[in-house]
Structure formats: structure tokens, C-alpha cells
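Remarks on the structure that follows.
We name chains A, B, ... by the order of the sequence lines, and we start the count at 1 in each one. Just so it is clear, the structure is predicted and the values come from calculations on it, not from any experiment.
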Amino acid sequence: MRHDELGLVRLKRRADFLRVARTGRRHAAPGLVLQVADGRAESGRAGKGVEASVDASVGIGFTASKKVGNAVARNRVKRRLRAAVTEVMPKHAAPGRDYVLIGRKATLRRPYADLLADLLVALRRTKSLAPGNGKQATP
RNA sequence: CCAGACGGCUGGACGGUCGCCCUUGCUUUAUUGUGGGGGAGGAAAGUCCGGGCUCCACGAAAAAACGGUGCCGGGUAACGCCCGGCGGGGGCGACCCCAGGGAAAGUGCCACAGAAAGCAAACCGCCUGUCUUGCGAGGUAGGUAAGGGUGAAAGGGUGCGGUAAGAGCGCACCGCGCGGCUGGUAACAGUCGUGGCAGGGUAAACCCCACCGGGAGCAAAACCGAAUAGGGAUGGCGUGUCGGCGCCGGCUUCGGCUGGAACCUGACAGGCGUGUUCGCGCCGCCGUCCGGGUAGGUUGCACGAGGCGUCCGGCAACGGACGUCCCAGAUGAAUGACCGUCCAGCGCCGCCAAAUAUGGGCCGCGGCGUGGACAGAACCCGGCUUACAGGCCGUCUGGCGCC
RNA sequence: GCACCCGUAGCUCAGCUGGAUAGAGCGCUGCCCUCCGAAGGCAGAGGUCGCACGUUCGAAUCGUGCCGGGUGCG
């Protein structure tokens, strides 16, 4: 995976999403829904042998159901969420956890600044803000 | 200028910050770093047809069944697609629409109404003969289908002749059937003769005829291949009884008898679970190897019925020759996120000219706001269908005005 | 990627094969019954038959194309 310096790893397996949905905490913001699960998924780890950075990495998954709209709308929702994640998560997300972001209908038209704020609020409400940078919220 | 018909093209532009996928040069232990190049559509959609490709089946079959197609000719790899024509219908017109084979092979159906709904017949009628008669009419034997009425549809239509009344009974025109001739590759059209009307509609009812179709689908298919469970082979360890081979001890008439321990081998037992019974199922532990094969990965996978240009043939669809180009390859699925400026468009406000006032409006100018349709490749092509803010171009038709 | 199914009253469904009246139950409204309510009885309202085009004298029904919802297989 390319995200090594950021510590971000994409979740790609259905089992990972199900694990986060079953065991995790969730918070619904106007622009998105965040689910957090403690611990990293087995299949998402960056290789079995590598040991040091495993626990510090952050798993990220995106979901947009058919309720959001057609394929164009779903893809656009996931792209906006991905852009928001690369901006926020490396600095503010607690490491060693899996996060799943669920797109909503409002994600499509919500202003980008509000979307970033939604993500920070969701992190705080799920007690997943990184301890060091918790205070300095929006950049 | 207005209204309309048809065909085609396009479907935001530029810049900044941060990113994604593929490919390639150099570099690196390393897809680590860095530079170059490329990166959605006309419908990528719906999945309605036709192919390529792969596997399965098979006799290069054929037939049945089932499904589909259905005027003629051409195009094409093929098609249910396209082009040209024919016939029918609509429109003043440009033009548009049509599942458009067969109803004299057979079966079914045609409600209600009506006498009768398909072999023809006759309810009210009309006419003739005859009988009765109270002179109004009625009965009866026939002729008839013009008129009435019902219906979506009543066994050609209109007119004239004709007749007791009528009737293709006769004639003219129209329609229809049959036969010939002419034109056309053909569908078909025209024309001549003839028949005297026979054959109602429905095949998007069954059906008949002609033609087409083997099945599945890139999650096809090929290769590599963990972990776990299970399968096979093999080695070691392991419970009881009995038999067998060999070993040891005792006795011996040397033929045997008897006792013992471990191991090999065969058979049976046994144990556990379930069940009322019959019965059924399972049989241990460790190691090595093998095959099938899952997750996962690689290939398939992008040079193709390919794009563009010129010329030639053809009314056209399209075909041919030459030149030139390489043009997406993702897989929780890349091709973007955010911001600024502009350009169309839309809305509001303001300005403006003639001899004046009031009101309204077009073009133009200025300001502010708003603001970019439908939609995302998933093996690949050819079509069809559906969605689509707007903008542009060409050809043509009708109307108005001017020269 | 395939293979199918269903859209009819507010809800659940019949009617479609085989064409001609659009129906049933629950619900709703009014009246009766009761001191009041429930139950019961009587009466009534309520329908683009998903949409469009076509075939037919006639379409909920037949044909074609769309729209929406759902199911199964790999």
C-alpha cells in the first residue's frame, strides 16, 4: 500500500466492513456516518512479517449504498469522503483502529468545510481523536 | 421575419494547491525516488437482439419439440439492424407512421341487440294466386330481399333500365376474382379480356407455410497456490481373546504334551454416541509424502469486422485502394477533491435615441445574483431502445413582408 | 453475468388462461341497536387497473417498448 508514511490502509474485504459494523461505535453526522472498531483487521495489515508499524496504522473503508443515488453519485460521494480523509485522518485519528465512512444523500451537496467539521465531530464523539492533536481542531 | 420538417455536430474554457491508476527512462535492497507519456460515453445505461472468444455436448447430421422472424431487392461477419423501392394510412406541404405472408387446409370465437353472425335464412314488410269476409282485414300456397329495424359487421356500391313486386336479371362506372399482355430483378403497377359476385372479420386465437436457432457464459477458461478440515499412501507408538509362524523352560516312549513372555500377522471381540427393539454411525496419537482443491494471485485483457484523411465505385446503406495513427485497463473498482477567473444561458434592476407626454416592448450597453443536461468503461465489437440543460451547422416546406 | 416474478380501492388480494359487469376481506363515513362503547345489522363513498403505443367492433385481460419494486443462481 502507498499510504505508509500517512499510516492509512484501505479496507477492501467485505469481512472487514462487517466486523467494524458489528463491533464498532458509530456516530451519524449530517454529512456522513462514522463507524470505529478497536484493533486492526487481519486481512488489511501490511504483510504478515512486518511488525513495527502494524499497530500504529489506521484502516479506512468507504461505503455508499444505492440509497445515495446512481453510480455517478455514489462514486462522487466516496471521492469526497476520501479527500476529506486524507486531509483529516493522518493528523487527528487515533491509530491502531479501523474506520468505516458511510456516505449519505447529503454528502453529495454538503459544503466541503462542513464535511471536514462533520468528520472531526464524529471522531470526537466516538472517542477516536488522536490524543496529542485533540485540541487544535479545524486547520 | 414567423411557423414547421429532416439530418448532423457539440455537450464548458483557463489557471492554482493537494492527490489516484497504467506505462516507460534512469535510480534503488525495495512499485524507493525522480522525469516523460496516456487516462470514460454518445449514450459507458437498460440488457432487447446479432456476432467474436472460451468451455461443455455432438455423427460435418437430420428430425421432433420449443422459441424467434415474416412485402420486395440490396448492404453486412451476422441481425429482429441499415439503405433503396412497393403497397396502405396521415398531413396544404417538407415529411411522418405501419408485426405489411396465408382466412377457397382445418378448428375455435364474434357478448348485448337482432328473424338471422356465417351451411345462409326471412321478423316487420312488398307482390301474385287462392279461400273467408262483418269490406277494416285475416288465413293459406308461393315469389322476393328494394325498404324498416338491430349491430362493429347482414352475402358488392351508385345510377339507369327492368319487373306483379323485386333481384347482376341487363347495362355504365367503381370495387372484387380469374386469365393474358406490357414495364420492372422483384414486391408491384398499367392495360385488355372475362366472370356476374362466389370468398364477413379475427392468425398481437390455435394453426399452416417459408427461413433462422445445440447449451452455457470472462464469476467462461487456463496456470500458480496458502491456512484449516477431510481423503490416500507410508513409518513409529497402542487395549482384550483365539488361531498360526518362530523363541524360551519343564516332562518325554523323541511321535509329542504342557507352561511362559514379547513381537508379527489374521479373525473376532470391545469401547463410544444414538435408539423402545431390529439396527445405524464412529474408532486412537505422532511424523513424512501425494493428489483434488478453497481463500488469494497471474493470464484471459485490448491491434480491433479499429480510428482518421484522400481518391474511386454505388441513388444510398456500404464496399475497394492508398497513406497515416496506437487511442483507458480499474477490481470496495483509478480517470479526482478544493479554490479562483472567464464564457454561454437564466432572473432582477438601471440607461438610451426622433416633435412631445404617458405606458409597454425589441436590439444594444452596464451592474448584481444564479449557473453547467443525462450520466461512470468492467472481455470485446455491430445494432436497437431509453435519458439528456443548452448551443451550433446544413438542407427543405408553408405563410407574411420587401426588391 | 444469467434466470424469473409482481404493479388493480387507504392496506392485503381475486378477476387475466377463455376479451364485453371492475370485485372480496379489512379499513373509512352515516344510520340502527346500547345508559355509553365494543361486537352485530343496514346503507354509502372510494379506481388514470404502473405508463405509452398498437391489434380488435371492443383491452384490467392480447402484442411491443418503457417505468417502478422484488426474488433466485453462480
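- Identified under the salt bridge (charged side-chain N to carboxylate O under 4.0 Å, His left out) test for residues 101-114 of chain A, with sequence neighbours left out: A:R110-A:D118.
- Among the protein residues, A:Y112 comes within range of the sugar-phosphate backbone only, with heavy atoms under 4.0 Å from sugar or phosphate atoms but none that close to a base.
- Of all nucleotides present, only B:A233 satisfies the Watson-Crick or G-U wobble test against B:U288, with each distance under 3.5 Å.
- Using atom C1' as the reference point in both B:A316 and B:G200, the two lie 44 Å apart (nearest Å).
- With a glycosidic angle no more than 90° from 0, B:C327 adopts the syn conformation.
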Could you run down the sub-3.5 Å N/O contacts of the protein with nucleotides 40-44 of chain B?
none

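- In B:G91 the base sits anti relative to the sugar, since the glycosidic angle is further than 90° from 0.
- Between A:R82 and the phosphate of B:U335, there is a side-chain N or O to OP1/OP2 separation shorter than 4.0 Å.
- The glycosidic torsion of B:G42 lies within 90° of 0, which places this base in the syn conformation.
- Base orientation of B:A122: anti (glycosidic angle beyond 90° from 0).
- When rounded to the nearest whole Å, the span between CG of A:L81 and P of B:G332 equals 18 Å.
- B:A204 sits 13 Å from B:C71 when the P atoms are compared, rounded to a whole Å.
- Comparing A:N70 and A:T63 by the nucleotide of RNA chain B whose heavy atom lies nearest to each, the residue mapping closer to the 5' end is A:T63.
- For the pair A:K78 NZ and B:G19 C1', the computed distance is 18 Å after rounding to whole Å.
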Show your reasoning for whether side-chain contact (heavy atoms from CB on, under 4.5 Å) applies to A:L119 and A:M89.
CA-CA 9 Å; A:L119 183 52; A:M89 297 304 267; 4.1 Å; yes

In dot-bracket, 5' to 3', how would RNA chain C read with Watson-Crick or G-U wobble pairs under 3.5 Å, [ ] for crossing ones and | for pairs to another strand?
(((((((..((((.........)))).(((((.......))))).....(((((.......)))))))))))).

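- With a glycosidic angle further than 90° from 0, B:G350 counts as anti.
- Taking atom P on both nucleotides, B:G149 is separated from B:U158 by 16 Å, rounded to a whole Å.
- At whole-Å resolution of the value, CE in A:M89 and C1' in B:A337 are 17 Å apart.
- One atom, CZ of A:F62, and another, C1' of B:A333, lie 13 Å apart when rounded to the nearest Å.
- Distance check on atom C1': C:G1 versus B:A221 gives 15 Å, rounded to whole Å.
- A:E87 places its CD atom 14 Å from the C1' atom of B:G336, with the value rounded to the nearest Å.
- A:Y99 pairs in a side chain to side chain contact (heavy atoms under 4.5 Å, CB included) with only one of the listed residues (A:L11, A:L123, A:V20), which is A:L123.
- Distances were taken from every side-chain heavy atom of A:R80 (C-beta onward) to each of B:A337, B:A375, B:A334; the shortest belongs to B:A337.
- When the C1' atom of B:U335 is taken as reference, atom CZ of A:R76 falls 14 Å away, rounded to whole Å.
- Of the nucleotides present, B:U132 is the one that pairs with B:A137 by Watson-Crick or G-U wobble criteria, both distances under 3.5 Å.
- B:C349 sits 41 Å from B:G399 when the P atoms are compared, rounded to a whole Å.
- B:C92 sits 14 Å from B:A5 when the P atoms are compared, rounded to a whole Å.
- Taking atom CG of A:L115 as the reference point, atom P of B:C339 lies 12 Å away to the nearest angstrom.
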Chi angles and distances behind the side-chain contact (heavy atoms from CB on, under 4.5 Å) call for A:L34, A:R26:
CA-CA 5 Å; A:L34 178 68; A:R26 54 181 280 149; over 6 Å; no

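- Going from atom CG of A:D114 over to atom C1' of B:C338 covers 14 Å, rounded to whole Å.
- B:G25 and B:G41 have their C1' atoms separated by 34 Å, given to the nearest Å.
- B:C9 and B:C83 have their P atoms separated by 15 Å, with the value rounded to a whole Å.
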One pair to check against side chain to side chain donor-acceptor pair (under 3.5 Å): A:S128 and A:R97. What are the steps and the verdict?
CA-CA 9 Å; A:S128 295; A:R97 295 178 180 177; 3.1 Å; yes

Run the numbers on A:I102 and A:L32 for side-chain contact (heavy atoms from CB on, under 4.5 Å), then give the verdict.
CA-CA 6 Å; A:I102 303 174; A:L32 54 90; over 6 Å; no

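- Here the NE2 atom belonging to A:H27 is positioned 8.0 Å from the OG1 atom belonging to A:T126, to the nearest 0.5 angstrom.
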